[in-house]
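Each chain gets a letter, A, B and so on, in the order the sequences are listed, and its residues count up from 1. Treat the numbers as computed from the prediction; the structure is a model and nothing was measured.
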Amino acid sequence: MSNTSSTKVSVFASRVYELTSMIPEGKVSTYGRLAAKLGLKKGAQAVGQALHYNPFAPIVPCHRVVRSDGSVGGFAFGSEQKIKILRKEGIEILNGKIDLNIYSFKQK
DNA sequence: CGTGTGACTCGGT
DNA sequence: GACCGAGCCACAC
């Protein structure tokens, strides 16, 4: 996903997609965690925007990124869809919330 | 270059 | 638990 020649998307966004695409199936990550990996411990919102503008919508598993409190957060195609997909991947969602203690994907 | 906005997060009420 | 306000960051105007 690295934009080598053209600058369709910002470098920041490219990194976000890269990190997002490496999330394994059945696991999830949070906006804040991705931001931290980019060196922006408080740029969770910026990460969220990058995913919102996500030109790789179906390619990048942006649905595996949720809020730090376990809420599914948002989704370009609607949070309902997001939940559906996550459940399909084997993630159990109770009350629109995900058990981060079980499904959170932490990589160093 | 200043402002507003949002798929965020945290702390207080 | 829900609502609110403040802080942070990238991006569009």
**Q** Short question: side chain of A:Arg64, backbone of A:Ile23 - any donor-acceptor pair under 3.5 Å?
**A**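 At least one qualifying donor-acceptor pair exists.
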
**Q** With sequence neighbours excluded, give me every ring pair (Phe, Tyr, Trp, His ring centres under 6.0 Å) pair touching residues 80-108 of chain A.
**A**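 Pairs touching residues 80-108 of chain A that pass the test: none.
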
**Q** Which residues pass the side-chain hydrogen bond (donor to acceptor under 3.5 Å, both in side chains) test with A:Asp99, not counting sequence neighbours?
**A**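 Here no residue qualifies.
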
**Q** Taking the side chain from A:Tyr17 and the backbone from A:Pro61, do they hold a donor-acceptor pair closer than 3.5 Å?
**A**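 No, because the side chain of A:Tyr17 does not come within donor-acceptor range (under 3.5 Å) of the backbone of A:Pro61.
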
**Q** Measure the CZ-OG1 distance between A:Arg15 and A:Thr20 for me, rounded to the nearest 0.5 Å.
**A**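 The distance works out to 13.5 Å.
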
**Q** Can any side-chain N or O of A:Thr30 pair as donor or acceptor with the backbone N or O of A:Arg33 at less than 3.5 Å?
**A**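 Here the side-chain-to-backbone pair exists.
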
**Q** Output yes when at least one side-chain N/O atom of A:Thr30 is less than 4.0 Å from OP1 or OP2 of B:dC8, else no.
**A**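 Checking B:dC8 against A:Thr30, no side-chain N or O comes under 4.0 Å of OP1 or OP2.
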
**Q** Can you give one letter per nucleotide of nucleotides 1-7 of chain B, 5' to 3': B if a protein heavy atom sits under 4.0 Å from the base, S if only from the sugar-phosphate, - if neither?
**A** ----BBB

**Q** Please name the pair of heavy atoms, one in A:His63 and one in A:Lys82, separated by the smallest distance, quoted to 0.1 Å.
**A**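 Of all heavy-atom pairs spanning A:His63 and A:Lys82, the closest is O-CE, 3.4 Å.
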
**Q** Could you grab the distance from atom CG of A:Leu19 to atom CG of A:Leu34, nearest 0.5 Å is fine?
**A**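 A:Leu19 atom CG to A:Leu34 atom CG measures 5.5 Å (nearest 0.5 Å).
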
**Q** Check each residue of residues 94-101 of chain A for a non-hydrogen atom within less than 4.0 Å of any atom in DNA chain B, then write out the ones that pass by number, or none.
**A**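 Residues of residues 94-101 of chain A under 4.0 Å from DNA chain B: none.
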
**Q** Which pairs with one or both residues in residues 39-54 of chain A pass side chain to side chain donor-acceptor pair (under 3.5 Å), sequence neighbours excluded?
**A**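 Pairs touching residues 39-54 of chain A that pass the test: none.
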
**Q** Could you check whether any side-chain N or O of A:Ser21 sits under 3.5 Å from a backbone N or O of A:Glu18, counting only pairs where one atom can act as donor and the other as acceptor?
**A**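 Present.
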
**Q** With heavy atoms of chain A within less than 4.0 Å as the criterion, where does contact along DNA chain C begin and end?
**A**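 Range of nucleotides within reach of chain A: C:dC8 to C:dC11.
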
